[in-house]
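Since this is a predicted model, take the numbers as computed values, not measurements. Residue numbering restarts at 1 for every chain, and letters A, B, ... go by the order of the sequence lines.
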Amino acid sequence: MSDSHPLIAGLNDKQRQAVSAEDGHMLVLAGAGSGKTRVLVHRIAWLIQQCHYSPFSILAVTFTNKAASEMRGRVEQLLGSSVRNMWIGTFHGLAHRLLRAHYMDVGLPQNFQILDSDDQQRLIKRLIKSMNLDDKRWPAKQAQWYINGKKDEGLRAHHIETYDPNEQTLKSIYEAYQESCDRAGLVDFAELLLRAHELLRNNTSVREHYQRRFRHILVDEFQDTNSIQYAWIRLLSGAQNYVTIVGDDDQSIYGWRGARVENIQQFMDDYPAVTTIRLEQNYRSTGTILRAANAVIANNAERLGKDLWTDGNDGEPVSLYAAFNEMDEARYIVGRIEEWRDQGNALQDVALLYRSNAQSRVLEEALLHARMPYRIYGGLRFFERQEIKDALAYLRILANRDDDAALERVINTPTRGIGNRTLDMVRQTARENQQSLWQAANAMVSQKSLAGRARNAVAAFIEFVENLDNETEEFTLGRLSDEVIRRSGLLAMYEAEKGEKAETRVENLKELVNACQNFNLDENEEQMSPLNAFLAHAALEAGEEQADEYQDAVQLMTLHSAKGLEFPLVFMTGVEEGVFPSQQSMDEPGRLEEERRLCYVGMTRAMQKLVLTYAEQRRIYGQEFFHKVSRFVAEIPADTLHEVRLQTQVQKPSSYSRFNNAASHEAFEQTGYQLGQRVRHPKFGDGTVLNYEGTGPQSRIQINFDQVGSKWLVVSYARLEPC
DNA sequence: GTTTTGTAGATTTTT
DNA sequence: TCTACAAAAC
């Protein structure tokens, strides 16, 4: 094969090896910023163009819809032709496709609907109540976690054998939940995977069909696969096809939700003659940033081993700022961003990363104060909004009357006199007769087992749904949704509400009609009804968050959501023991290593400049904490780190000081100490001045010692010296 | 049916 | 400290 082929020109040796490899199983260990997506895309194009595989015979799996659509787009761009018949999508999307195609084989109704995690939680909550369990002792969240965890491991309720009474209860909730879903024709996210797995496992002809079809299977972000996803890939790969997995064990940050890094090792054990290729040349960050990040991740014990390098510049050292408190931290960051902007740089090139969402607030306040536009990732997405879910619930009932989750949601929204008492009676009847709520309600109306007023209300609802269905039979999706939000009274209900929030809700409902109008069926969805396809789309691709993407704004997000992105200037905030690494992960070595990988992910987001910040004092949930600087900072080589100590006097926030007037401040200064100053104590060692109380020789001073934590000392007794 | 009051609980997230 | 959600009062 010639090196001059356009598909491998401009690639480095390793990338070229991966792209042009002979048929076989392959593991690509792709470090951060090593051109992983590029390799994947070129590999697919190579297989099609050079090896003459039909797009039809290729399966590419990703974790997010965004990654999937980007990959398809880039492959098409490279080939200059459409690859519509190539299967490329998320695990869930592909599983869904299998289930739609083989719904009879897996015992699902043709119009089955997808339950998102919000729907799932509501359903579980209701079930717990109906089982007469104490919902304080059995929180729906916990049960949901349990059920999904089991499904991710490939376990049905009947597979679980337990003598732990606690788990027995959870198991019984699992059973009841599954029964309820099956009756209503509902499939949750984990169920998509589990059922598709069972389909392939139990049905030889279906399995062999797909094994014959997919000659090449490529899986992205393999370190994030869980047990069922791995088992899935195993089933799809037979004697005549080849699996390529791409991933980075150092970027595995989703172990807490069932991802198994071990799957990479497992892959090497399970598949014969795996070619391993390491992509270690980094095209993103400066040499200094890479050196710092490499040093941090080197502290993890279980690694496949990889060292990033670059032939680019060293760049500036990593900055470390020790803030006085979280407000000071935010102020410092805003100051640095102003500097950056004044040098003619764009705000959208700046990312503020934090460990937990709660940390964003102080940062937001500071940005707001400085009139600096910002954008937060990780909010509610379009199809997750309350008003949208209400409207979708009506559509779901039109598609499938037995969808209990949808019925519960809207039977009394807007209010139509079907209160909790009535609903409870319907629920009970449904349970007793093993029916759906809709069936039970119908039966109760005709048998007159409901009292007058309630019966009228329920009958009116049933009639409303049936009429709506009859009269909209021929409607397009757009007209149907418009009709639904009007005739259901949803639109009027939100229009009657006051406030900005209600206004956006009305707008969102109209936007939904818009989305319905513009919705086009994919080729593979042609056998589905447009309504079912749209509902599946809404559940599987919750849509973009609402934000003005075009405005030049600072980007705020958690470290987790930063994965896969890159920014010229990155701030990692709250780099403190107890915050990052988080308190909960500190006593378990495995979880601590995951935090370290998260740190590695954060650092490797930075292209030119990386700034770490921490606060000596931080208020969390109304409590003051004196955290030490994160252990990860100590793992960064000193020569790559530049420590910015407090140079100027910080304006002390009034809420922290009992004597915050200028005079007392001045008096304090005369003691010879400054807030934020570093001092040395003969017994306690080094620390930072945090606060003071009183004036004169009896004044006390608060110091956060590196070794022993925060202490109040009387200035005249404490033998402090500056250091 | 709506407003008020009380209380638990508060990493990380995609599908 | 704040928020969300559920029970209690109106």
Heavy atoms only, 4.0 Å cut-off, all strands: where does A:Phe91 land among base, sugar-phosphate and nothing?
nothing
Side chain of A:Thr604, backbone of A:Val601: donor and acceptor closer than 3.5 Å?
yes
Whole-Å distance separating the CZ atom of A:Arg618 from the C1' atom of C:dT1:
15 Å
Expressed in angstrom and rounded to an integer, what is the separation of A:Asp116 atom CG from B:dT13 atom C1'?
13 Å
Quick test: give all pairs of protein nitrogen or oxygen and nucleotides 5-7 of chain C nitrogen or oxygen below 3.5 Å, distance rounded to 0.1 Å.
{"from": "C:dA6", "atom 1": "OP1", "to": "A:Lys125", "atom 2": "NZ", "distance (Å)": "2.7"}

Identify whether the distance between the nearest side-chain nitrogen and carboxylate oxygen of A:Asp250 and A:Arg303 falls below 4.0 Å.
yes
Has A:His92 got a side-chain atom pairing as donor or acceptor with A:Leu540's backbone, closer than 3.5 angstrom?
no
Rounded distance in Å between the C1' positions of C:dC5 and B:dT12
23 Å
Any side-chain donor-acceptor pair under 3.5 Å between A:Asn508 and A:Glu387?
yes
Does A:Asn357 put a side-chain nitrogen or oxygen below 4.0 Å from OP1 or OP2 of B:dT13?
yes
Nearest whole angstrom, please: distance from the P of B:dT12 to the CZ of A:Arg257.
13 Å
Between the side chains of A:Gln223 and A:Glu221, is a donor N or O closer than 3.5 angstrom to an acceptor N or O?
yes
Of A:Phe189 and A:Ser585, whose nearest nucleotide on DNA chain B comes first from the 5' end?
A:Ser585
Salt-bridged, A:Asp119 to A:Arg122, with N to O below 4.0 Å?
no
Could you state the atom-to-atom distance from NZ of A:Lys141 to P of B:dT12 in whole Å?
9 Å
Looking just at side-chain N and O atoms, do A:Thr413 and A:Asp390 make a donor-acceptor pair shorter than 3.5 Å?
no
Rounding to an integer number of Å, can you tell me how far A:Glu541 CD sits from B:dT14 P?
14 Å
From C-beta outward on A:Asn65, which listed nucleotide comes closest to its side chain: B:dT13, B:dG1, B:dT15?
B:dT15
Integer-rounded Å distance: B:dA8 C1' and A:Asp134 CG
13 Å
For DNA chain B, the dot-bracket pattern of Watson-Crick and G-U pairs whose distances stay under 3.5 Å, | for other-strand partners:
||||||||||.....
Euclidean distance, atom CD of residue A:Gln584 to atom C1' of B:dT12 [Å, nearest integer]:
10 Å
Just checking A:Glu221: base, sugar-phosphate only, or nothing, at a heavy-atom cut-off of under 4.0 Å?
nothing
A:Arg453, CZ atom: more than 12 neighbouring heavy atoms under 6.0 Å
no
A:Thr415 side chain: which of B:dT12, B:dT2, C:dC2 is closest?
B:dT2
Between A:Glu566 and A:Arg605, does at least one N-O distance fall below 4.0 Å, as a salt bridge requires?
no
Among B:dT12, C:dC2, B:dT15, which nucleotide has an atom closest to any side-chain atom of A:Ser356?
B:dT12
Is any N or O donor-acceptor pair between the side chain of A:Ser117 and the base of B:dT15 shorter than 3.5 Å?
yes
With a 4.0 Å cut-off on heavy atoms, is A:Thr90 in touch with a base, just the backbone sugar-phosphate, or nothing at all?
sugar-phosphate
Using centres under 5.5 Å plus planes under 30 degrees as the test, is A:Tyr621 stacked with C:dT1?
no
Do any side-chain nitrogens or oxygens of A:Thr558 fall under 4.0 Å of OP1 or OP2 in B:dT13?
yes
For B:dT13 and A:Ser561 - does any side-chain N or O of the residue sit under 4.0 Å from the phosphate oxygens OP1/OP2?
yes
Against the six-membered ring of A:Phe464, is A:Arg416 placed for a cation-pi contact (under 6.0 Å from the centre, within 45° of the normal)?
yes
From the list B:dT14, C:dC2, B:dG1, which nucleotide is the closest neighbour of the side chain of A:Thr64?
B:dT14
Say you pick atom P in C:dC2 and the same atom in B:dT13; how far apart are they, in whole Å?
22 Å
I'd like to know if A:Lys563 pairs up with A:Asp224 as an ion pair, taking the criterion as any Lys NZ or Arg NE/NH1/NH2 lying under 4.0 Å from an Asp or Glu carboxylate oxygen.
yes
Rounded to the nearest angstrom, tell me the gap between atom CZ in A:Arg421 and atom C1' in B:dG1.
15 Å
